[in-house]
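Structure record follows, encoded as structure tokens.
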Amino acid sequence: METTAAIDINQHLKKAISNAFKEVFHHELSGEEVALQPTRKEFEGSHTFVVFPYLKITRKPPEASGELLGTHIVDNTDIVQSFNVVKGFLNLELTDKLWIDIFNQMAGQENYGLIEATQDELMVEYSSPNTNKPLHLGHLRNNFLGYAVSKILEAQGNKVHKVQIINDRGIHICKSMVAWLKYGQGETPESSGTKGDKLVGDYYVKFDREYKLQIEELIGAGHEKEWAEKNAQILLEAQDMLRKWEQKEPEVYNLWEKMNGWVYSGFEASYNTMGVTFDKLYYESNTFLLGKDEILSGLEKGIFFKKEDGSVWVDLTEDGLDQKILLRSDGTSVYMTQDIGTAILRFRDFPNIKSQIYTVGNEQEYHFRVLFLILDKLGYTWAKNCYHLSYGMVDLPSGKMKSREGTVVDADDLMQQMVDTAAERTRELGKIDGFTDEQASDLYNIIGLGALKYFILKVDPRKRMLFNPEESIDFQGNTAPFIQYTYARIAAILRKAKQLSIADQPYKITTLHSAEKEVVMLLNEFPDRIKLAAKEYAPYIIAQFAYDLAKEYNRFYAEVSIFNEENKNALYFRIAFSAVVARTIKTAMGLLGIEVPERM
RNA sequence: GGUUCCAUAGCUCAACUGGAUAGAGCAACUGCCUUCUAAGCAGUAGGUUCGGGGUUCGAGUCCCUGUGGAAUCACCA
């Protein structure tokens, strides 16, 4: 109903089927009850009606029922050209005229597939890194996913606020700070030429190494392992630093600001390469005290309860979960407390948002179930609209990435490697004649990052995915470069058409080549695919669509000549047709945060 | 132990939410560049959808059960 397609085929067909039921079988069947599905490739037709569920109504065998319905539909509508029945499947073949009309409609819409009307205002959170470590492959999945989902929701007419919360405080950053003070000798990103986030991350690693040494020494001196882990000198120093930070001791606070500043400029560079942006940043250092008041007032209202030691809990056993702590016995907050506070803060900052979408790994599924339940219990009606966009880990062939074991794939390194590979491949193929250095470098970025983004986004986010750094990501087949290449080919056609002054010419045609029809059928699905992708928060649906479209167009490209076509109408149509395909590919890839090149 | 998620071709992933003969790509093999870009197109081969039951016209999809894997259940974040 919100689709931008002016001709709603489904609606027409459902009505036709429901009419057929009425007149052939004397049975009222509302259009809504009729389910249509796309016809499988190996059969003639585009829309299929499954008659099995209706045999009790028709009181005839499936084939006969299908025949009767099909005959009635063909006789009584002007959009269905013919039909065939295979077992209980009624396949409907629409007229070329209808497909041409549909194509003309979408060709006239500059933003085909996108919905202009503002629906809801939403917030999407993604990235949200810690400031003690550089970004890695897992963050890439998070960022690409969050950004793509934001784009897709915008395409559905929502106003989206992209935010992240930066975990800028806590023991982890203090560890880096301690190590830097001890071993840094005043090193700065400028002095050593190290990217800020990498530099801070290096000191985090240095801390960990020293910490382990101290533990071993303590064990060697006869202490229990557990005691050693809690009493290693360097850890005590970090904890002391955290206390000083909380008291805002100027020396510590300044150092904290300085080192975080390094990290932020490093992150900014990474986000820039990734091509993701944010509308508002939240910092944990500003929000970590929030939520406590909410808990206390919830306690007064009897939503929460206090244990003997003074700690505050929520009982979720009725919801199938456990009890969960909200305030420690000393009255301080836990992670959950902060998240409650931050969620409420955001709804105050953006009073019109309907829901928040949290792009966070699936290891926090339990956390978010609890969070949404608590917010609901506190009486926030928006809580039930909130959604945890959960995604699986990215595994390496060796198993899970572990920063302490050095088995992380660094985000910057990986992106650079992809761009380098793209450059190498492009040069091998001799594709950059006449490019300036800048154009060439842009192209490598578009291809390399496109390949990486597509590789990650084409997978259902819920599933774990495997990344093998040994095998480079493909540039052929179901990949971004394949789709980008299709776009670039069309761009070449359109340039030539312009040169020959035969672009944007009016045409009048009555039949379509089968390859053209297949493509138009796909194009027609675009609005529905976006709608589904938005509903499911699933960019992979868009990725699949872009691939299908490119694949189908390439078939047309191989089978049908454009500039050798002597019939002017067919020639002009094919140029317009190619332009719409290119435009749609660009839009679809844009929803994934992937650019397309005019030449490659 | 409780809860949740996952298991599909040698590998990486699909299967429009219960529909037809389970599809793509990579890797392997065969063809196609003097015509709009071969990062392409056409084709061959590759499957007991983890095992076992059940529900029904019809199951990779839903239910039960077993096996294998993952996450989570912290006064950690």
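Chain naming here is simple, since letters A, B, ... match the order of the sequence lines and numbering starts at 1 in each.
- Residues Y537(A) and Y387(A) bring their aromatic ring centres within 6.0 Å.
- For the pair K87(A) and U21(B), the criterion of a side-chain N or O lying under 4.0 Å from OP1 or OP2 is met.
- Proximity of R369(A) to the phosphate of U72(B): no side-chain N or O atom is located under 4.0 Å from OP1 or OP2.
- For N569(A), the CG atom is densely surrounded, since the number of other residues' heavy atoms within 6.0 Å is greater than 12.
- Residue-level contact check: I325(A) touches the bases, meaning some heavy atom is under 4.0 Å from a base atom.
- At the phosphate of A39(B), neither OP1 nor OP2 sits under 4.0 Å from any side-chain N or O atom of R489(A).
- Taking every side-chain heavy atom of R555(A) into account, A42(B) is the closest of G25(B), A42(B), C73(B).
- For C33(B), the O4'-C1' to base torsion is within 90° of 0; the nucleotide is therefore syn.
- Side-chain N/O atoms of Y335(A) include none lying less than 4.0 angstrom from OP1 or OP2 on A77(B).
- Under a cut-off of 6.0 angstrom, the local environment of CZ in R59(A) is sparse, with at most 12 non-hydrogen atoms contributed by other residues, nucleotides or ligands.
- Residue contacts shown for E428(A) are absent, as no nucleic acid heavy atom lies under 4.0 Å away.
- The base of U37(B) sits within donor-acceptor range of the side chain of K431(A), with an N or O pair under 3.5 Å.
- Listed pair K551(A) / C41(B) meets the phosphate criterion, a side-chain N or O lying under 4.0 Å from OP1 or OP2.
- Note on Y547(A): only backbone sugar-phosphate atoms sit closer than 4.0 angstrom, heavy atoms only; bases stay farther off.
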- Task: Please report the C-alpha distance between K41(A) and E552(A) in whole Å, then the side-chain angles of each, then the deciding distance to 0.1 Å, and finally whether the salt bridge (Lys or Arg N to Asp or Glu O under 4.0 Å) criterion is met.
- Result: CA-CA 12 Å; K41(A) 260 268 169 88; E552(A) 205 57 53; 3.1 Å; yes
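- Taking R489(A) as the reference, nothing meets the salt bridge (Lys or Arg N to Asp or Glu O under 4.0 Å) condition, with sequence neighbours excluded.
- Nucleic acid contact class of D460(A) (heavy atoms, under 4.0 Å, all strands): sugar-phosphate only.
- The neighbour count for K307(A) NZ, taken as heavy atoms of other residues, nucleotides or ligands under 6.0 Å away, is above 12.
- Atom C1' of A59(B) sits at a distance of 24 Å from the matching atom of G46(B), rounded to the whole Å.
- Contacts of I447(A) with the nucleic acid, taken as non-hydrogen atoms under 4.0 Å apart, include base atoms.
- Of all heavy-atom pairs between A238(A) and C174(A), the closest is O-CB, 3.7 Å.
- Taking syn as a glycosidic angle within 90° of 0, U4(B) does not qualify and is anti.
- Considering only side-chain N and O atoms, Y540(A) lies under 4.0 angstrom from the phosphate OP1 or OP2 of A15(B).
- Side-chain to base pairing of T426(A) with A39(B): one donor and one acceptor N or O lie within less than 3.5 Å of each other.
- Dashed line: the shortest gap from a side-chain N or O of R40(A) to OP1 or OP2 of G23(B) is under 4.0 Å.
- Interface residues of residues 563-573 of chain A facing RNA chain B, ordered by number: F563(A), N564(A); criterion, heavy-atom separation under 4.0 Å.
- In this structure, K463(A) reaches the A7(B) phosphate: one of its side-chain N or O atoms is under 4.0 Å from OP1 or OP2.
- The base of A20(B) is paired with the side chain of T48(A) by a donor and an acceptor separated by under 3.5 Å.
- A cation-pi arrangement is found for R169(A) relative to F288(A), the charged atom lying closer than 6.0 Å to the ring centre and inside a 45° cone about the ring normal.
- For A38(B), the base has no donor-acceptor partner in the side chain of N554(A) [N/O atoms by modelled type, under 3.5 angstrom].
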